[in-house]
Amino acid sequence: MNQQTLSESPDSPTLSYADHVKALLSMNAPADWIEDLWTIYTGFMIAQGELGHNPRASDLFCTFRELILFFQKLEERKAA
């Protein structure tokens, strides 16, 4: 007997990400995430003197900036 497997919905990855984001946001408020991200990034930048040149520094900043913007948007939605 052949068992047919159901095709995965194209929305499945998005829904899976949504579950992960929901779990992440249940840990802290967006403002707390922003503060923690600044602390992490500040420590990273301070350590650059000891770590030496990082050719990915601008990429890391862009990632950091996008994370901050994401949490700021969430904070704005929460306030609305």
Side-chain angles (χ1 to χ4, degrees):
M1 218 195 275
N2 289 338
Q3 286 186 335
Q4 290 183 333
T5 58
L6 296 174
S7 297
E8 191 173 279
S9 167
D11 293 331
S12 292
T14 302
L15 294 173
S16 178
Y17 284 128
D19 289 339
H20 289 293
V21 170
K22 183 178 178 181
L24 186 69
L25 293 175
S26 71
M27 294 166 43
N28 286 318
D32 294 333
W33 279 107
I34 292 169
E35 185 67 30
D36 291 347
L37 286 168
W38 273 114
T39 300
I40 293 166
Y41 188 74
T42 300
F44 170 75
M45 291 308 294
I46 290 170
Q48 286 305 295
E50 294 177 21
L51 298 173
H53 174 70
N54 184 344
R56 291 198 57 241
S58 62
D59 293 336
L60 293 170
F61 172 77
C62 289
T63 300
F64 168 76
R65 184 190 67 199
E66 290 301 316
L67 283 169
I68 293 291
L69 291 173
F70 172 77
F71 285 109
Q72 286 174 336
K73 287 177 188 175
L74 289 177
E75 195 170 34
E76 289 170 6
R77 285 185 182 185
K78 194 174 183 180

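If you're wondering where the values come from, they're calculated on a predicted model, not measured in any experiment.
- Leu67 and Leu24 fall within a single hydrophobic cluster, where Ile, Leu, Val, Met, Phe, Trp and Tyr are joined by side-chain heavy atoms under 4.5 Å apart, directly or via other members.
- Cluster membership for Val21 and Phe64, using ILVMFWY side-chain heavy atoms within less than 4.5 angstrom, is shared.
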Distance-only check: which donor-acceptor pairs under 3.5 Å involve side-chain atoms of residues 31-50, not counting sequence neighbours?
| unit_1 | atom_1 | unit_2 | atom_2 | d |
| --- | --- | --- | --- | --- |
| Trp33 | NE1 | Asn28 | O | 3.4 |
| Thr39 | OG1 | Glu35 | O | 3.0 |
| Thr42 | OG1 | Trp38 | O | 2.7 |
| Gln48 | NE2 | Phe44 | O | 3.4 |

Identify each donor-acceptor pair in which a side-chain atom of residues 70-77 lies under 3.5 Å from a protein atom, sequence neighbours left out, and give them as a table.
none

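- Both Leu25 and Met27 belong to a single network of hydrophobic side chains, linked directly or stepwise wherever heavy atoms of I, L, V, M, F, W or Y lie under 4.5 Å apart.
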